[in-house]
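Atom set for the values below is all heavy atoms of this structure, side chains included, hydrogens, waters and symmetry mates excluded. By convention here, the first residue in the shown sequence is residue 1. Everything numeric in this text was worked out from a predicted model, so none of it was measured.
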Amino acid sequence: MTVAVKSGLHQVWVNLSLLIISLVSLVAAASFGAADLSFVDVLSVLEHKAFGSGVSEGAGIAERIIIELRFPRILLAFTAGAGLSMAGSVLQTVTRNPLADPYLFGISSGASFGAVVVLTLFSSSGLFERYEWLSLPLGAFIGAGLSVLMVLSLCGRTMSSQIERMLLSGVAISFMFGALTSLLLYFSSPQAAASVLFWSLGSFAKAGWDTLLLPFAVVSFSTVIILLFKRQIMAMRAGDETAHTLGVNVARLRLQMLLLCSFITAILVANCGGIGFVGLMIPHTVRMLFPGYFPLLTTALFGGLFMIWIDVLARTLLSHQELPIGIITAVIGSVFFLAILGRKK
């Protein structure tokens with residue numbers, strides 16, 4: 001058996017193991033929360049829902065808590081973790097910048113600004129209430145796309161040789177959009193500012209079956225697109241000239257992947273708020289565990305699993321109070337970021 005076949009089988013077993021762990025985590029995470037439910041209670045509700053058996057006294061309330069409240073939230077957390085992790089991995093590859101991620105690249109801040117513009121300036125209009133499912137993601141995508149275009153314009157045509165400049169441009173644009181977002185919140189009503197502030201820090205509290213469809217469809221579709229271009233993306237790891245000799249249109253592929261990552265980030269920001277550093281931490285962690293590989297599916301599964309348990313931590317760390325997701329990921333991510341800088345030094 002060749003080395004390539006062995007490595008391929010190894011990745012299949014790794015992905016299968018992560019998928020099984022994710023399914024177990026989905027059930028286990030549903031038992032955490034304000035209401036005291038055990039792992040067996042969750043299994044009983046799922047058995048009753050699937051087969052019409054296993055129901056017990058008080059299962060109606062438990063079923064409503066698990067099916068209507070916790071499962072959509074957990075699935076949205078998994079989707080967000082998978083999407084942000086995969087976007088970070090692709091950004092780091094096509095820009096050849098190990099510190100690139102949607103948050104540090106300014107994409108998340110741009111998407112947050114676009115969404116906040118819609119929420120603060122157009123939320124009172126009847127058109128927004130009627131098409132909220134479309135207007136919020138659209139505003140986020142316009143903001144994210146504007147951020148990418150500004151980074152590209154600052155780096156110029158020689159973007160591949162200006163890795164440091166690209167990162168600094170992303171950080172500067174992130175601060176700029178953050179300041180504009182704060183300015184909008186300052187002039188908005190106190191009620192709107194309070195709700196938008198919590199949303200901008202990242203939360204899965206508003207998750208529901210109706211709001212889960214769009215982010216799940218976008219992340220799934222984007223995963224298929226990225227896997228179709230996996231060979232071309234992997235070729236860019238060796239440098240632009242090497243990829244060009246292999247027949248890759250480097251400039252076009254880089255722009256396509258940047259816009260696709262912006263689209264993923266915008267949809268997730270519109271539904272979950274700003275969640276930083278996930279796209280930085282997870283790809284690096286996976287590469288450290290599997291050096292020499294480019295396991296996109298492994299990265300996505302690992303990111304989704306990570307976000308499920310970060311959400312559990314946010315719901316249970318303080319009694320009768322929920323921490324914003326973005327605060328926890330920022331604390332973990334900043335330490336991770338400093339560790340990477342220390343290793344590079």
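In this structure, Leu305 and Ser25 approach most closely via the heavy-atom pair CD1-OG, 3.2 Å. Of all heavy-atom pairs between Gly303 and Ser85, the closest is CA-OG, 3.2 Å. Contact record, Val118 with Gly139: CG2-CA, 3.9 Å, taken as the closest heavy-atom pair. Scanning both residues, Val286 and Thr298, for their nearest heavy atoms gives CG1-CG2, 4.2 Å. Ala266 and Ala111 make their closest contact through CA-CB, 4.0 Å (heavy atoms, listed as atom of the first residue, atom of the second, distance). Across all non-hydrogen atoms, the minimal contact from Pro283 to Gly88 is CG-C, 4.0 Å.
Atom CG of Leu301 sits about 10.0 Å away from atom CG of Leu16, to the nearest 0.5 Å. To the nearest 0.5 Å, atoms OG1 (Thr79) and CE (Met307) are separated by 11.0 Å. Atoms CG and CG, on Leu313 and Leu318 in that order, are 9.0 Å from each other to the nearest 0.5 Å. A distance of 11.0 Å separates NE2 in His284 from OG1 in Thr299, rounded to the nearest 0.5 Å. Atom-to-atom distance recorded for Phe263:CZ and Ile107:CD1 is 13.5 Å, nearest 0.5 angstrom. With rounding to the nearest 0.5 Å, the separation of OG1 in Thr223 from CG in Leu228 is 11.0 Å.
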(message) Using side-chain hydrogen bond (donor to acceptor under 3.5 Å, both in side chains), reason through Ser44 and Asp41 one step at a time and then give a plain yes or no.
(response) CA-CA 5 Å; Ser44 178; Asp41 293 332; over 6 Å; no

(request) Starting from the C-alpha separation in whole Å, work towards a yes-or-no answer on side chain to side chain contact (heavy atoms under 4.5 Å, CB included) for Ile74 and Phe204. (result) CA-CA 8 Å; Ile74 296 168; Phe204 302 121; over 6 Å; no

(message) Go through it in stages, so that I can follow the logic: the residues are Leu154 and Ile173, the test is side chain to side chain contact (heavy atoms under 4.5 Å, CB included), and I'd like the CA-CA distance, side-chain angles, deciding distance and then a yes or no.
(response) CA-CA 10 Å; Leu154 287 171; Ile173 289 170; 3.9 Å; yes

(message) For Arg73 and Glu322: C-alpha separation, side-chain torsions, deciding distance, then whether salt bridge (Lys or Arg N to Asp or Glu O under 4.0 Å) applies.
(response) CA-CA 13 Å; Arg73 179 181 182 128; Glu322 180 180 326; 2.6 Å; yes

(message) side chain to side chain contact (heavy atoms under 4.5 Å, CB included) for Thr120 and Phe187? Distances and angles first, verdict last.
(response) CA-CA 9 Å; Thr120 55; Phe187 286 107; over 6 Å; no

(message) Determine whether Met150 and Met176 satisfy the following criterion, side chain to side chain contact (heavy atoms under 4.5 Å, CB included), listing intermediate values before the conclusion.
(response) CA-CA 11 Å; Met150 292 176 70; Met176 183 191 72; 3.4 Å; yes

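Annotation: Phe177, atom CZ; neighbour count of heavy atoms from other residues, nucleotides and ligands within 6.0 Å is above 12. Counting non-hydrogen atoms of neighbouring residues, nucleotides and ligands closer than 6.0 angstrom, the OH atom of Tyr103 reaches no more than 12 such neighbours. Environment of CZ in Phe221: sparse, with no more than 12 heavy atoms of neighbouring residues, nucleotides or ligands closer than 6.0 Å. Atom CZ of Phe302 sits in a sparse spot, with 12 or fewer heavy atoms from other residues, nucleotides or ligands closer than 6.0 Å.
Inter-residue side-chain proximity for Ser89 and Leu296 is flagged as met; some heavy-atom pair is nearer than 4.5 Å. Counting heavy atoms from C-beta outward, Val117 and Leu180 have side chains that stay 4.5 Å or more apart. Two residues are said to be in side-chain contact when any heavy atoms from C-beta on lie closer than 4.5 Å; Leu184 and Phe113 meet this criterion. The shortest distance between side-chain heavy atoms of Leu91 and Asp101 does not fall below 4.5 Å. Within the 4.5 Å cutoff, the side chain of Ile282 has heavy atoms near those of the Phe306 side chain. Between Leu46 and Phe71 the shortest side-chain heavy-atom distance falls below 4.5 Å. Residues Cys272 and Ile325 have side chains not in contact (no heavy-atom distance under 4.5 Å, counting atoms from C-beta outward). Residues Phe290 and Val14 form a side-chain contact, since some pair of their non-hydrogen atoms from C-beta on lies under 4.5 Å apart.
In this structure, Trp209 contributes its side chain and Ile67 its backbone to a donor-acceptor pair below 3.5 Å. Using modelled atom types, one side-chain atom of Gln92 and one backbone atom of Gly279 make a donor-acceptor pair closer than 3.5 Å. Side chain of Ser147 to backbone of Gly106: a donor-acceptor contact under 3.5 angstrom is found. Of the possible donor and acceptor atoms, none in the side chain of Ser222 sits under 3.5 Å from a partner among the backbone N and O of Val219. Of the possible polar contacts, one joining the Thr329 side chain to the Gly276 backbone as a donor-acceptor pair under 3.5 Å is found. Under a 3.5 Å cut-off, the side chain of Arg315 and the backbone N or O of Phe32 do form a donor-acceptor pair. Looking at Ser220, its side chain never comes within 3.5 Å of a backbone N or O of Ala217 through a donor-acceptor pair. A donor-acceptor contact shorter than 3.5 Å links the side chain of Thr211 to the backbone of Gly208.
Both Leu43 and Ile66 belong to a single network of hydrophobic side chains, linked directly or stepwise wherever heavy atoms of I, L, V, M, F, W or Y lie under 4.5 Å apart. Tracing side-chain contacts under 4.5 Å through hydrophobic residues (I, L, V, M, F, W, Y), one reaches Val278 starting from Leu289; they form part of the same cluster. There is a path of hydrophobic side-chain contacts, each under 4.5 Å, that joins Met234 to Ile225. No path of Ile, Leu, Val, Met, Phe, Trp and Tyr side chains, each step under 4.5 Å between heavy atoms, connects Leu213 with Val218, placing them in separate hydrophobic clusters. Using a 4.5 Å cut-off between side-chain heavy atoms of Ile, Leu, Val, Met, Phe, Trp and Tyr, with links allowed through other members, Ile226 and Val224 fall into the same hydrophobic cluster.
Aromatic rings from Phe336 and Phe277 are positioned such that their centres are separated by 6.0 Å or more.
With Gln232 as the partner, the side-chain contact (heavy atoms from CB on, under 4.5 Å) test is satisfied by one option alone out of Val248, Asn249, Val94, Leu246: Val248. Checking Asn271, Ile264, Val269 one by one against Pro215, the side-chain contact (heavy atoms from CB on, under 4.5 Å) holds for a single residue, Asn271. The only member of Ser169, Ser112, Ser109 that meets side-chain hydrogen bond (donor to acceptor under 3.5 Å, both in side chains) when paired with Ser174 is Ser109.
Ion pairing between a basic and an acidic side chain is recognised when a charged N comes within 4.0 Å of a carboxylate O; Arg70 and Glu63 show no such pairing.
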